[in-house]
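Structure, as structure tokens:
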Amino acid sequence: MSALIGKHILLGITGGIATYKTAFLIRLFIKAGAQVKCIMTPEAEEFVTPLTLSTLSKNPVVSSFTDTEKNWNNHVKLAEWADFMLIAPATANTLSKMIIGKSDNLLMTTYLSANCPVYIAPAMDLEMYQHDTTKTNLSQLTNSGHIIIEPESGELASGLEGKVRMAEPENIVEFISQHLLKQMPLFNKKVLITAGPTYEPIDPVRFIGNHSSGKMGYEMAKTALNLGAKVILISGPTHLTLTHPNLELIKISTAQEMFDNAMTFYDNVDIAIASAAVSDYKPKTFHNQKVKTTEDTFRIDLVKNPDILKTFGQQKKHQFLVGFALETNDEVENAKQKLEKKNLDFIVLNSLQDKGAGFKNDTNKISIITKDDIKRFDVKPKSEVAKDIFNEILNTRFNNKADA
Ligand code: C5P
């Protein structure tokens, strides 16, 4: 159902016995995280009340060109609002109006104003569905890009039996979810992201850490999920959280734990992005008891942590690999060296010298550096920066011009 999260669904409801099922349909859409606005034909109101549907959809239900105060129900605005339209149930009458563009009610005028995808779930009696006219209409609507959700078998209100009952609400929701998912640019792709700081323990209460908030990594995870990917987010300690059916969030503390987890997934991912601020060193010795502060000086010997990104680069096969660099001097030169040394497809440079860039901000200012190109971006919210990064990945690896 993840493809429906945040989607604006314009539900066109026509008049037939299956109209009562739209109450269940709306509940399922809302449960899946979508927003629903309903337009009913005047005949549909004979079968189910607008009050029921407005209560369930949490939005006013409209059916005529003006409301009770004679304000215009703006069909163009409704059409613009929609990510997609679903006409369910779609009667033979409405199917035929869609063919000829007969806009004699608010649903039809909105339909004609809509540029979004249109799903149609027909429902009618057996003879009507089998009539040549209906068959021709449905195939013409398919040819013009509409998506038909096939009716299902069962007993009909007329007493007849046939494969003309409106598809069950859960099947409609599943059909649309799958259809939307398959069109997403990162459908069937796996993305591994490391995020946040690591904490390297000195004793049970102290650690070596850094200021990373993890915001950039979490925003990239959100963007990848919105593009249809399955995401594995391996996060150091942050106050952030994220839930999504396609997300596996693994919270770790040390660089070694981040490395161990990352390596179990790496072989099977399509894209790996290392945005974590991994501690390069850890204390050589962990003190089991809290270190006493009796001495004036205290020495900690440090040993190197595994370099996760470098190991990704060494073991790279099909993966698209992105690293981050935070530099204070000779930024581009240092970033280019890292790009080469760690065998990356590109590196995202954020400089501490830039206002609005860096660790704790909600904004960032990046440059994307490849072997022979550098693209500089303005200061933007990290959510927008995440989109820029994925647009670059889509354009270079997947040759896809879809916007993140
Ligand atoms: O060499 P440097 O640490 O500056 O490289 C930064 C990049 O390498 C970042 O993408 C960071 O996530 C990654 N890195 C890593 N493991 C380390 C150190 C850095 O994955 N131990």
Side-chain angles (χ1 to χ4, degrees), residues 191-201 207-221 224 231-238 240 250-267 269 271-284 302-316 319-354 357-360 364-371 382 385-386 388-390 392-393:
V191 180
L192 171 63
I193 299 172
T194 67
T198 62
Y199 287 179
E200 309 300 331
F207 60 83
I208 296 172
N210 60 63
H211 291 302
S212 170
S213 64
K215 282 176 192 162
M216 198 58 245
Y218 277 68
E219 286 301 339
M220 286 189 293
V231 177
I232 303 125
L233 176 61
I234 305 178
S235 167
T238 74
L240 302 172
I250 300 168
K251 294 235 176 189
I252 53 83
S253 187
T254 65
Q256 187 64 50
E257 287 165 0
M258 186 173 270
F259 177 82
D260 293 342
N261 277 285
M263 295 322 296
T264 63
F265 291 100
Y266 183 63
D267 278 352
V269 300
I271 300 167
I273 306 176
S275 67
V278 185
S279 182
D280 294 311
Y281 294 93
K282 66 176 177 186
K284 189 174 176 190
L302 299 174
V303 290
K304 264 254 154 131
N305 265 326
D307 190 325
I308 303 163
L309 185 55
K310 196 168 163 200
T311 314
F312 283 172
Q314 286 161 349
Q315 299 188 11
K316 187 161 94 169
Q319 296 90 341
F320 191 92
L321 192 52
V322 177
F324 273 67
L326 183 76
E327 301 291 339
T328 53
N329 61 294
D330 300 326
E331 305 162 320
V332 174
E333 200 36 52
N334 285 333
K336 276 195 166 168
Q337 278 177 19
K338 254 172 228 178
L339 175 83
E340 193 118 335
K341 217 168 73 193
K342 301 196 184 192
N343 191 21
L344 311 180
D345 290 284
F346 67 68
I347 191 156
V348 181
L349 169 68
N350 34 111
S351 156
L352 273 185
Q353 287 164 5
D354 283 321
F359 272 147
K360 285 189 171 160
N364 205 359
K365 184 172 187 303
I366 62 158
S367 304
I368 293 182
I369 302 175
T370 55
K371 234 176 11 206
K382 284 183 174 166
V385 175
D388 288 337
I389 293 169
F390 272 97
E392 197 61 26
I393 296 173

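Whatever order the structure lists ligands and atoms in, that order sets their numbers, starting from 1.
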**Message:** Measuring from non-hydrogen atoms of Asp280 to any atom of ligand 1, is the shortest distance under 4.0 Å?
**Reply:**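 Judged by the 4.0 Å heavy-atom criterion, Asp280 does count as contacting ligand 1.
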**Request:** Consider ligand 1: state whether an atom of it lies below 4.0 angstrom from any non-hydrogen atom of Ala255.
**Result:**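 Flag not set, Ala255 not near ligand 1.
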Between ligand 1 and [X], is the shortest N or O to N or O distance under 3.5 Å?
X	answer
Asn305	no
Ala325	no
Lys342	yes
Gly323	no

**Prompt:** Under a 4.0 Å N-O cut-off, is there an ion pair linking Glu327 with Lys338?
**Reply:**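 Answer for the salt bridge query: yes.
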Has the side chain of [X] got a donor or acceptor atom that lies under 3.5 Å from a matching backbone atom of [Y]?
X	Y	result
Glu333	Asp330	no
Asn343	Lys310	no
Asp345	Leu321	yes

Do me a favour and list the nearest non-hydrogen protein atom to [atom] with residue, atom name and distance?
atom	value
atom 21 (N) of ligand 1	Pro306 O, 2.9 Å
atom 16 (N) of ligand 1	Ile308 N, 3.1 Å
atom 20 (O) of ligand 1	Leu309 N, 3.0 Å
atom 10 (O) of ligand 1	Ala274 O, 2.5 Å
atom 12 (O) of ligand 1	Ala276 O, 2.6 Å
atom 14 (N) of ligand 1	Asp307 OD1, 3.9 Å
atom 4 (O) of ligand 1	Lys338 NZ, 2.4 Å
atom 7 (C) of ligand 1	Phe324 O, 3.0 Å

**Message:** Testing the 3.5 Å rule here: is there a donor-acceptor pair between the side chains of Gln256 and Asp260?
**Reply:**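 Gln256 vs Asp260: donor-acceptor pair found between side chains.
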**Message:** For Tyr218 and Ser235, which I'm curious about, is there any donor-acceptor pair between the side chains at under 3.5 Å?
**Reply:**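 A pair is found: one side chain offers a donor N or O, the other an acceptor, under 3.5 Å apart.
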**Request:** Check the pair Tyr266, Thr311 against side chain to side chain donor-acceptor pair (under 3.5 Å), reporting the backbone distance first and the verdict last.
**Result:** CA-CA 10 Å; Tyr266 183 63; Thr311 314; over 6 Å; no
**Item:** Residue pair Met216, Ile389: steps toward the side chain to side chain contact (heavy atoms under 4.5 Å, CB included) verdict
**Value:** CA-CA 11 Å; Met216 198 58 245; Ile389 293 169; 4.2 Å; yes
**Request:** Specify whether Phe207 and Tyr199 have parallel, tilted or perpendicular ring planes, treating 30° as the upper limit for parallel and 60° as the lower limit for perpendicular.
**Result:**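 The rings of Phe207 and Tyr199 lie parallel, inter-plane angle below 30°.
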